[in-house]
Amino acid sequence: MTAVVGFGSFMAIVFPSIADRRFWLLLPLLPLWAVVVAALAWQMLRWPPIAYRFTSYLVDDAGLEIARGVYWRTVTNIPKSRIQHTDVSQGPLERRHGLGTLVVYTAGTQHSQVKLPGLEFATAQRIRAHLLPRDQGDAV
Amino acid sequence: MPSEHRLHPTSILFALAGSSKALLLPAVLLLLTGRSSPDPDGWNPAGWVNRALPGDVAIANWQFWLLLFLIPVTVASLFKYFSFRLRYEGTELVIRSGVIFRNERHVPYARIQNLDAVRNLGHRLFGVAEVRVETGGGQTPEATISVLHETVFEEMRRRVFEGRGRAADGEPVAAPAAASLGVPEAESKTLLYLPVRELLLNGLLHNRGMVLVAAAASVVWEAGLFNAVSSRLAVGVFRPGLVRDTVRPLVAGDVLTFLLRVGVLFVGIMLILAFIRVLSMAWSVIRLHEFRLTRVGEDLRTEYGLLTRVTATIPLKRVQSLTVWETPLQRLVKRQAVRVETAGGPGTPQQGGAKQPREWLAPIIHRDAVPALVREILPGFELDGRDWQPLHPRAFRRAVKPMALLGIALPAPLLYWLGWAGLLIMPLTVGWLALVAWMHVRHTQWAADGDTLVLRSGWLWREVVVVPVAKIQVVGRVESPFDRRAAMGGVRVDTAGSASPAHRISIRYLARDVAAALHERLASQTAQTAFRW
């Protein structure tokens, strides 16, 4: 990932000056490129733990509540009676680490799909079993 | 024994007409620009066919292309006509069609959101209708049946909505044919009827004429006739050099002639604008002729249209949210407009003309009649006298900042043309937008008492959005970094079918604890109510 970002930014920032044979531009641009790559790398390494700290969920009898976001913090609340169906999916990376993603489908339009990635696979299945309606006539 | 219905024979005719509508413009162009006799040297498929045909028969190029398109369409519609079968089962509608690719579609009555019939002049001539069945989700109707006889549609409507009622109760359905014939039509009550005067007023207020003019101009442009038409129109007053000729007398010192010319110009422009308004009024009358909103049992039915008659059915239980809309012009004449959203609606309001007006329960209605109408749609809900809550007291300080930035950014291109004089405009735009922000914040109020969430907003263009708690799907709370700094928050509510922004409820600039409390309250209320399609 760092290699891709590094190469891409190199092409964007430094390469035009080389292509135009204006080598004197390299003097300020190379350090600039180094700074950009360093900042991006730092961001990529430091961001996931921060985002992880700010992501949480709560499952109870009423439904599922997901709190997410570092800068733009959102709390999304899905009542159990509004869940149409659920998915537990695993990509290849997730399978290797024993993780899964819980996807909850509702009848809404903006939140027709609510995803909760990074759950342990067994936990995701347990939550799914809890959220599915067992009795057809729920409380009014 | 459920009987099977088939398509009306004229469906073939309408399929041909429908496909030729797509081919009309290219065919016209071909006719106008093509040569009437086949050119033996050029690329000439008609010539090849002519060589193959025996005798003296010779077809022109355009005839060849026409046949090439018409024959497959005719064959396809013949297949569809012969293979289509419609059946009413106990809890669902079964539609079978197709010869090569056979398809059997089951649509449960309980899932049908809307049942519409569209009849243009051709349909009315033959006494048929194009029926559209919509279920929740998806942007297109689940079944567009073209065409069924009118009586078949009436029976379908009756059976579907009775079957829905019976399916919801869970009773076993025995002998549906006999029972549905015996049940009388539920009592109907006219909620709104728009006479021609109201329709004219509607056209005057909405100025659809500009849209018509723009559409006509684009058609003329596409046909390549724009230059011809514009040179024909630019006679008399509106000719090139108009401004120069108008200003010349002023420069020469002849003020009277200048004023006269300006006067003539002014009158000319006014006449054109008036003509566009008249177009808009005529359009409104034609589009919404004999607009009638009735309540039949548990459904709302709207019927309108002079040339194309549309009959739309909206079950009351399917109403997800209700919007009352008021433009400044409407406010002048004490009118408002009421719209509802169902889950089976189109994706965006701009898609197709026939779909958009269906959601307008009342395109124009007197302000005093609105509470009664709303009470019919949402029983027990009073539009007035709610416990209105304002926004955060410092909401204006937050709201004015993006508006001020916009006020500075918008006239920025003018600086390029006017130079430093453009800077004079900025205080005006910033001041105006700040005023808009102030009035907007002052006019935004919400109420979450009882079992609905209501948001009232807007200064010039006002709207009131009502969402029953039973129809809320997901409740969300949002805090941007600016919100956190000002200790504010926002609450967002998602409903089914709220693709158009007018029907979403998003309350920003609330105090943080108020937002949290509202979020909790809505979440627990929603969890306790069941959601029924």
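To find a chain, count down the sequence lines: A is the first, B the second, and so on, and within it residues start at 1.
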message = Within a 6.0 Å radius of atom CZ on B/Arg484, are there more than 12 heavy atoms belonging to other residues, nucleotides or ligands?
response = yes

key: A/Val114 portion near chain B, given a 4.5 angstrom heavy-atom threshold   = neither

note = Residue from A/Thr76, A/Thr74, A/Asn77 scoring the most non-hydrogen pairs under 4.5 Å with chain B is A/Asn77

ask   = Side chain of A/Arg82, backbone of B/Val474: donor and acceptor closer than 3.5 Å?
value = no

inquiry  = Please find the pair of heavy atoms, one from A/His111 and one from B/Arg492, that lie closest to each other, and give the distance.
reply    = NE2-NH2, 4.3 Å

key: Neighbour count >12 (heavy atoms, 6.0 Å) for atom CZ, B/Arg508   = no

note = Smallest heavy-atom separation, A/Ser81 atom then B/Thr526 atom, equals OG-O, 3.7 Å

request  = Pick one of side chain, backbone, both or neither for B/Gln525, based on which atoms fall under 4.5 Å of a heavy atom in chain A.
outcome  = neither

request  = Work out which heavy atom in A/Ala62 is nearest to a heavy atom in B/Ala527; give both atom names and the distance.
outcome  = O-CB, 3.8 Å

message = Can you tell me which portion of B/Leu522 sits under 4.5 Å from chain A's heavy atoms? Options are side chain, backbone, both or neither.
response = neither

message = Does A/Gln43 have more than 12 heavy atoms from other residues, nucleotides or ligands lying within 6.0 Å of its CD?
response = yes

inquiry  = Surrounding CH2 of A/Trp47 (heavy atoms of other residues, nucleotides or ligands, distance under 6.0 Å), is the total greater than 12?
reply    = yes

query = Is A/Tyr52 atom OH crowded by more than 12 heavy atoms from other residues, nucleotides or ligands, each under 6.0 Å away?
reply = no

query = Rounded to the nearest 0.5 Å, what separation is found between the OH atom of A/Tyr71 and the CZ atom of B/Phe482?
reply = 12.0 Å

task = Decide yes or no on side chain to side chain contact (heavy atoms under 4.5 Å, CB included) for A/Glu65 and B/Glu520, but give the supporting numbers first.
result = CA-CA 11 Å; A/Glu65 183 173 302; B/Glu520 281 302 313; 4.2 Å; yes

Considering all heavy atoms, the nearest B/Asp494-A/Ser112 contact = OD2-N, 4.5 Å

